[in-house]
Amino acid sequence: MISFFRKIRQKLLAQNRVTRYLAYAVGEIFLVVIGILIALQINEWNQERINKKVSLQLHQRLLEDFELIETRTQNSISDATESMELINFALFCFDQKSIPKGEEEKFDLAIRQFYRFTYPALPMATYDEMKSNGKLDLIYNLEVRNQLNAFISLLESTELILGNAGQSIQNNLIYYDKYIRSETNPQTLSISFFYDFEKMANDPEYQNKLSRVGVNWRAVAFFNKGIQKQVGNLRSLIEAEIIKLK
C-alpha cells in the first residue's frame, strides 16, 4: 500500500501536478490516521475484554473469601455462645454455693475454658491483592466498591476491639488462676486441674471479673453477627454483578 502511494506521488511530481500531489498526500495521511485509530480501538476492545474477564474472576474470588469468613464467624459465634453459657452456669453455682449433682464436669469445663479468649483473623485476600495491584477499579459498580471498603473498615475495627478485649482477659489471667492449680503428667502429657470452689464462691470480686469475661464473649457474638449481615448484603450485590459480567 505504501509503495503504491509512493509511485503515485512520484508520477504526479514528474508531471508537475502539485495540486493533485497534495491531495494524494493528504489522503495518504488521512488513511494512516484512520488506520491508527482503528488499531487503537481494537486494542481498547481487547483490553476491555481482558479487564472484564479479570473482573469476573475477582468477583468470584470475593465470594470464596466470604464463604471462609462466614465459616469462621459462625465458629466464633458458637464458641462465644458456649462460653457465655458456661460462665452463667459457673456464676449460678457460686450463687448457690454448690455444684448441682452430676454437673461437676460442666463446671470443670467452665473453669478451664472461660478465659481462653480467641478471635481468628478474617482475611480478605482478594481485596488486599486488588488494593496492592491497583485493581479496585475493576469493581465497576460504585455501590459494591463503597460497601466493600466499608466492610473492610468493619473488619479492622472489630479486630481492634476484640483484640483489646482479649488482652484485657490476659492481663487478669493471674487473678483468674489464683484458685486453680494445674498438674501435668510427664508420661501421658495430660493436664489435670484442681480448684478451690469454696473460695471462688465466697469471692465477689472473682465472680464480678468472671462476669466481665462473659461480656467480652458477648461482644464476639455481637460483632460476628454484624459481620455476617454485611457479608449477606455484599454477597447479593456481587452475585448480581457476576451475572452482568458473564
Side-chain angles (χ1 to χ4, degrees), residues 1-2 27-82 117-167 216-246:
M1 179 64 74
I2 295 176
E28 184 178 353
I29 293 172
F30 177 76
L31 289 176
V32 170
V33 171
I34 291 298
I36 293 173
L37 292 176
I38 291 174
L40 290 174
Q41 185 62 53
I42 292 174
N43 183 65
E44 183 177 345
W45 287 339
N46 288 334
Q47 190 59 50
E48 288 179 357
R49 178 178 58 82
I50 293 172
N51 287 343
K52 186 176 180 181
K53 182 179 179 180
V54 173
S55 178
L56 175 60
Q57 293 172 344
L58 291 173
H59 280 74
Q60 292 171 332
R61 287 177 54 193
L62 284 171
L63 289 183
E64 294 174 359
D65 288 347
F66 289 151
E67 289 180 4
L68 176 60
I69 287 177
E70 286 177 328
T71 298
R72 291 189 177 182
T73 52
Q74 189 55 51
N75 289 339
S76 292
I77 292 171
S78 297
D79 290 343
T81 301
E82 180 185 15
F117 191 92
T118 59
Y119 180 67
L122 302 176
M124 284 287 290
T126 303
Y127 177 89
D128 293 339
E129 178 185 322
M130 294 173 68
K131 185 176 181 180
S132 63
N133 294 336
K135 292 184 177 180
L136 285 176
D137 58 341
L138 291 181
I139 300 178
Y140 301 127
N141 188 316
L142 185 59
E143 180 185 2
V144 175
R145 197 186 310 169
N146 289 338
Q147 288 207 26
L148 186 57
N149 288 332
F151 179 69
I152 296 300
S153 297
L154 173 63
L155 293 183
E156 292 174 347
S157 61
T158 298
E159 184 174 356
L160 178 62
I161 292 171
L162 297 184
N164 289 336
Q167 188 59 51
N216 288 333
W217 277 113
R218 178 262 180 194
V220 172
F222 177 82
F223 282 105
N224 276 281
K225 287 183 178 181
I227 290 172
Q228 285 185 336
K229 182 178 180 180
Q230 292 301 316
V231 166
N233 294 337
L234 274 168
R235 178 187 290 278
S236 298
L237 290 172
I238 290 178
E239 287 176 343
E241 288 303 301
I242 287 175
I243 292 174
K244 295 177 183 178
L245 290 168
K246 286 185 176 180

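Atom CG in Leu56 sits 12.5 Å away from atom CG in Asn51 (nearest 0.5 Å). In this structure, the separation between OG on Ser55 and CD on Gln60 is 9.5 Å, given to the nearest 0.5 Å. Taken to the nearest 0.5 Å, the CG atom of Leu68 stands 9.0 Å off from the OG1 atom of Thr73. To the nearest 0.5 Å, the span separating CG on Asn141 from CD1 on Ile238 amounts to 9.5 Å. Here Met130 contributes atom CE and Thr126 contributes atom OG1; the two are 8.0 Å apart, rounded to the nearest 0.5 Å. Atom CD of Gln228 and atom CD1 of Ile77 lie 4.0 Å apart (nearest 0.5 Å).
Counting only residues at least two apart or on different chains, the ring-ring contact (aromatic ring centres under 6.0 Å, His included) pairs with a member in residues 138-158 are Phe66-Phe151.
Between the side chain of Ser78 and the backbone N or O of Gln74 there is at least one donor-acceptor pair closer than 3.5 Å. Of the possible polar contacts, none joining the Asn224 side chain to the Ser76 backbone as a donor-acceptor pair under 3.5 Å is found.
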Side-chain donor-acceptor distances from residues 142-150 under 3.5 Å, at least two apart:
residue : atom : partner : partner atom : Å
Glu143  : OE2  : Gln147  : NE2          : 3.4
Arg145  : NE   : Ile139  : O            : 3.2
Arg145  : NH2  : Ile139  : O            : 2.9
Asn146  : ND2  : Leu142  : O            : 3.4
Asn149  : OD1  : Tyr127  : OH           : 2.8
Asn149  : ND2  : Arg145  : O            : 3.3

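A 6.0 Å sphere centred on CD of Glu159 holds no more than 12 heavy atoms belonging to other residues, nucleotides or ligands.
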- Task: Given side-chain contact (heavy atoms from CB on, under 4.5 Å), test Leu237 with Asn233 step by step and report yes or no.
- Result: CA-CA 7 Å; Leu237 290 172; Asn233 294 337; 5.6 Å; no
- Query: What's the verdict on side-chain contact (heavy atoms from CB on, under 4.5 Å) for Arg235 and Glu67, showing C-alpha distance, side-chain angles and the deciding distance?
  - Reply: CA-CA 10 Å; Arg235 178 187 290 278; Glu67 289 180 4; 3.7 Å; yes
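For the pair Phe117 and Asn216, the tightest heavy-atom approach, listed with the atom from each and the gap, is CE1-O, 3.6 Å. Leu155 and Leu122 get closest at one heavy-atom pair: CD1-O, 3.6 Å. Nearest heavy atom pair, residue Pro123 against residue Arg72, reads CD-NH1, 3.3 Å. Residue His59 comes nearest to Leu138 through the heavy atom pair CE1-O, 3.7 Å, listed as atom of the first residue, atom of the second, then distance.
Contact check for Lys246 versus Ile242: side-chain heavy atoms found under the 4.5 Å cut-off. Residues Leu62 and Met124 have side chains in contact (heavy-atom distance under 4.5 Å, counting atoms from C-beta outward).
Shown here are the side-chain hydrogen bond (donor to acceptor under 3.5 Å, both in side chains) partners of Thr158, two or more places apart in sequence or in another chain: there are none.
No salt bridge links Arg61 with Glu64; every basic N to acidic carboxylate O contact stays at or beyond 4.0 Å.
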